Number of protein chains: 2
Amino acid sequence: MKEKLKEHIEKLIPITDDELSFVLSHFSLENYKKNDFLFQKGEKVKNCYFIISGLLKLVYDDHDGKQHIVSFAMEDWWESDFSAYFSETEAKMSLQCIEDTRVFSISFKNYEKVLTESPKMQQFFLKKSNLGHIASQNRVLSFLTSNAKERYEQLFQQYPILFQRVPKTLLASYLGVSRETLSRFYS
Amino acid sequence: MKEKLKEHIEKLIPITDDELSFVLSHFSLENYKKNDFLFQKGEKVKNCYFIISGLLKLVYDDHDGKQHIVSFAMEDWWESDFSAYFSETEAKMSLQCIEDTRVFSISFKNYEKVLTESPKMQQFFLKKSNLGHIASQNRVLSFLTSNAKERYEQLFQQYPILFQRVPKTLLASYLGVSRETLSRFYS
DNA sequence: TTGTAATAGTGATCTTTGTCACACAGATAT
DNA sequence: ATATCTGTGTGACAAAGATCACTATTACAA
């Protein structure tokens, strides 16, 4: 468990065991069951999560009650409603388990503490944030350059595992296409 | 000019004049004319830019030769092909002036130097990166939840100034809609 | 075990958006 | 001054995708 986070951090920044235990002391280990919410729309978002195992969806509910999946979060991902987390306000999205899930959770206060006391972790979070920004920009790009079928094929190439773990209906609402249209792409 | 960058930084992090001059010594002031490229697809991306005045487009050219606008960059914005900049590789996008433009430019080496020697600037860039990530995610969300006309209206609400400074053809390619369809939205 | 969700596939039809063709105005260069 | 390029609007038609209706299968809870 601790190893998982250590390996994850060391992909970007080398870190000693001492530093790691300092960092870990600011996280708490939490377990959730399928369909549990880590937070819901309208609630204050107190935590950011590192996913140790399991699978989640970050969902936006529009005015018609339709669900839109902003992202799937898997092992080794960080997830939250970052807008709400960093500004300590109410979530406009919900984070819900698709499978039983285990996470390390960090409060905003602790996040700030880790940042100020560990330059390495600040470097780590900066790199991580840059990568997140780039990933979102690439997703924008796929909406600009590709039609629904192409986006489906790109997703299949990038995360084939999702097609085994996630109902097609959810994939559709991640791709921005109706479930019927998605279904016709592979029939 | 220096004032502009100082005010910009201080929106997120207080900074002394000494720190500012240290930071500024790592930037260089550059001027470009309408249609000039700051970098083009395929070139190494050596710099990241803070825009003092003017207007730019970050463009992705697809295999059919169609242009897609990933973002417009205005006064007070930071822009680059961040994926290429941070990994010191070739641009997959181009950055081109829509108007005459004045920027502060910072090389990747200098960026890293500023980060390691100024904790405040590291804080600043972290916050900035988080905001960039959130903005991109919101753009994804608008593709998921809204049709072309709604996206057009959202853009008009958020950046009315663009509609005076940018040809409709470019707005269309930012919104992910054909120029003809865009034209029909307000006629 | 039986009834109820949730998931998935598919035909028919409607709506949105893209593409092609053309006209025209304004800017810019020679 | 005139030719050329850019930007824009619009009609006609084609294509992509959404919606609605119905069916079937599987998973799961009482």
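Letters A, B, ... mirror the listed sequences (proteins, then strands); counts begin at 1. All values below were derived from every heavy atom in this structure, side-chain atoms included, with hydrogens, water molecules and symmetry-related copies excluded. Given the structure is predicted, the values throughout are model-derived calculations rather than measurements.
Remark: P of D/dT6 and CD1 of B/Ile98 are 15 Å apart, rounded to the nearest angstrom. Counting to the nearest Å, the P atom of C/dC14 and the CD atom of A/Glu180 are 16 Å from each other. Rounded to whole angstrom, the span from the OH atom of A/Tyr152 across to the C1' atom of D/dA18 amounts to 19 Å.
For the OP1/OP2 pair of C/dT19 and a distance below 4.0 Å, the side-chain nitrogens and oxygens of B/Lys66 include at least one atom meeting the criterion. Note on A/Tyr186: a side-chain N or O is less than 4.0 Å away from OP1 or OP2 of C/dG9. Between A/Thr181 and D/dG17 there is no side-chain polar atom (N or O) within less than 4.0 angstrom of OP1 or OP2. Applying the 4.0 Å criterion to OP1 and OP2 of D/dT8, one finds that B/Thr169 has a side-chain N or O inside that range.
Here the rule is side-chain contact (heavy atoms from CB on, under 4.5 Å) with B/Tyr186, and of B/Glu153, B/Lys149, B/Lys168 only B/Lys168 fits it.
Relative to the side chain of A/Lys168, the nucleotides C/dA8, D/dG17, D/dT19 differ in distance, and C/dA8 lies closest.
Side-chain atoms of A/Ser136 and B/Ser136 include no donor-acceptor pair closer than 3.5 Å.
Not a single donor-acceptor pair, N or O on each side, falls under 3.5 Å between the base of C/dG18 and the side chain of B/Arg179. A donor-acceptor contact under 3.5 Å is formed by the side chain of A/Arg184 with the base of D/dT19.
Look at A/Lys41 and A/Asp81 and you find no salt bridge, because none of the NZ, NE, NH1 or NH2 atoms lies under 4.0 Å from a carboxylate O. Using a 4.0 Å cut-off between charged side-chain N and carboxylate O, A/Lys33 and A/Asp100 make a salt bridge.
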